[in-house]
Amino acid sequence: MSDNEQRCAIKFCFRLGHKATETFAKLQLAYGDSVLSRAQAFRWFKAFSEGKESIEDEPRSGRHSVSKTAENVVRVRDLARSDRRLTVRMIGEELNLNHTTVHQILTSELKMGKIFAKMVPKNLSQ
């Protein structure tokens, strides 16, 4: 149940002359727990009442992520395998990548996780 589907329903109810409150009530009946928030539904209703035609989101500003590339995944993998004692920050500094990006690559792309080892004496005695 995509947001676009619900936006279509909001636009449909608006064109039929329904009020925002009754439109939201119908969305709740139709979509249950997956319904848009009340505030979001009212924002879309207002946008349609002000003449907005498209149900698509406006393009957002900001930079696209360019550091999580296939090449960087390979570089992070190779560096992490070469020395398992390296921290996420150390790998980031070495490869000139943000530590958050390195962490995402290690956990999401490479399916790696942290394991803590407990230090114990070599020879156990009574």
Side-chain angles (χ1 to χ4, degrees):
M1 292 174 233
S2 71
D3 288 352
N4 280 353
E5 187 178 315
Q6 292 183 51
R7 292 175 200 157
C8 246
I10 293 168
K11 187 174 183 178
F12 179 75
C13 288
F14 167 74
R15 289 206 170 166
L16 288 177
H18 296 294
K19 301 286 183 204
T21 306
E22 76 183 287
T23 298
F24 182 67
K26 289 179 182 187
L27 286 174
Q28 286 178 310
L29 284 173
Y31 295 99
D33 292 339
S34 302
V35 71
L36 290 173
S37 71
R38 180 178 168 90
Q40 190 65 24
F42 274 62
R43 270 194 290 272
W44 277 102
F45 195 90
K46 182 179 179 193
F48 294 134
S49 69
E50 292 173 348
K52 180 173 175 68
E53 287 296 319
S54 173
I55 61 167
E56 301 298 323
D57 279 329
E58 299 295 326
R60 295 186 178 135
S61 62
R63 293 188 337 197
H64 294 287
S65 176
V66 293
S67 55
K68 217 167 128 180
T69 62
E71 178 187 334
N72 284 340
V73 170
V74 171
R75 291 172 58 210
V76 168
R77 183 195 66 213
D78 291 345
L79 191 56
R81 286 184 178 167
S82 72
D83 187 355
R84 300 268 181 186
R85 295 172 296 172
L86 292 174
T87 65
V88 172
R89 287 191 189 275
M90 291 165 72
I91 293 172
E93 288 170 4
E94 179 75 25
L95 300 177
N96 197 24
L97 295 172
N98 183 309
H99 76 278
T100 305
T101 303
V102 173
H103 185 267
Q104 288 174 347
I105 289 171
L106 288 170
T107 56
S108 301
E109 303 291 325
L110 301 175
K111 307 289 187 239
M112 291 182 164
K114 250 195 294 193
I115 298 177
F116 291 94
K118 186 176 181 182
M119 300 300 288
V120 293
K122 283 187 176 183
N123 296 325
L124 298 176
S125 60
Q126 301 272 357

What distance do [X] atom [atom1] and [Y] atom [atom2] have between them, rounded to the nearest 0.5 Å?
| X | Y | atom1 | atom2 | result |
| --- | --- | --- | --- | --- |
| Arg38 | Thr21 | CZ | OG1 | 5.0 Å |
| Met112 | Arg77 | CE | CZ | 8.5 Å |
| Leu36 | Phe24 | CG | CZ | 8.0 Å |
| Arg7 | Gln40 | CZ | CD | 7.0 Å |
| Leu97 | Ile105 | CG | CD1 | 6.0 Å |
| Ser49 | Trp44 | OG | CH2 | 12.5 Å |

Checklist line | Sequence neighbours excluded - salt bridge (Lys or Arg N to Asp or Glu O under 4.0 Å) pairs with any residue from residues 85-100 | finding: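 Listed by first then second residue: Asp83-Arg85.
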
Margin query: Holding to ring pair (Phe, Tyr, Trp, His ring centres under 6.0 Å), I want the full list of residues that pass it with Phe45, two or more places apart in sequence or in another chain.
Written below: Phe14

Next item on the list: Verify side-chain contact (heavy atoms from CB on, under 4.5 Å) between Asn72 and Leu95, making sure each step is shown before the conclusion.
Entry: CA-CA 8 Å; Asn72 284 340; Leu95 300 177; over 6 Å; no

Note to self: Once side-chain contact (heavy atoms from CB on, under 4.5 Å) is applied, do any residues pair with Thr100, and if so which ones, sequence neighbours excluded?
What the structure shows: Asn98, Gln104

Short question: side chain of [X], backbone of [Y] - any donor-acceptor pair under 3.5 Å?
| X | Y | value |
| --- | --- | --- |
| Lys111 | Ser108 | yes |
| Gln6 | Ser34 | yes |
| Glu22 | Lys19 | yes |

Next item on the list: Output all residues satisfying salt bridge (charged side-chain N to carboxylate O under 4.0 Å, His left out) with Glu53, sequence neighbours left out; order by chain, then residue number.
Entry: Lys11, Arg15

Check: Can you name the residues that form a salt bridge (charged side-chain N to carboxylate O under 4.0 Å, His left out) with Lys46, not counting sequence neighbours?
Finding: Glu50

Next item on the list: Please assess Phe42 against Thr23 for the test side-chain contact (heavy atoms from CB on, under 4.5 Å), listing each intermediate value before the final yes or no.
Entry: CA-CA 9 Å; Phe42 274 62; Thr23 298; over 6 Å; no

Check: Partners of Arg84 by side-chain hydrogen bond (donor to acceptor under 3.5 Å, both in side chains), sequence neighbours excluded?
Finding: none

Next item on the list: Mark yes when over 12 heavy atoms from residues, nucleotides or ligands other than His103 sit less than 6.0 Å from its NE2; otherwise mark no.
Entry: no

Next item on the list: Could you walk me through whether Val88 and Leu106 pass the side-chain contact (heavy atoms from CB on, under 4.5 Å) test, one step at a time?
Entry: CA-CA 9 Å; Val88 172; Leu106 288 170; 4.0 Å; yes

Checklist line | Cluster check Val102, Met90: I/L/V/M/F/W/Y, side chain < 4.5 angstrom | finding: yes

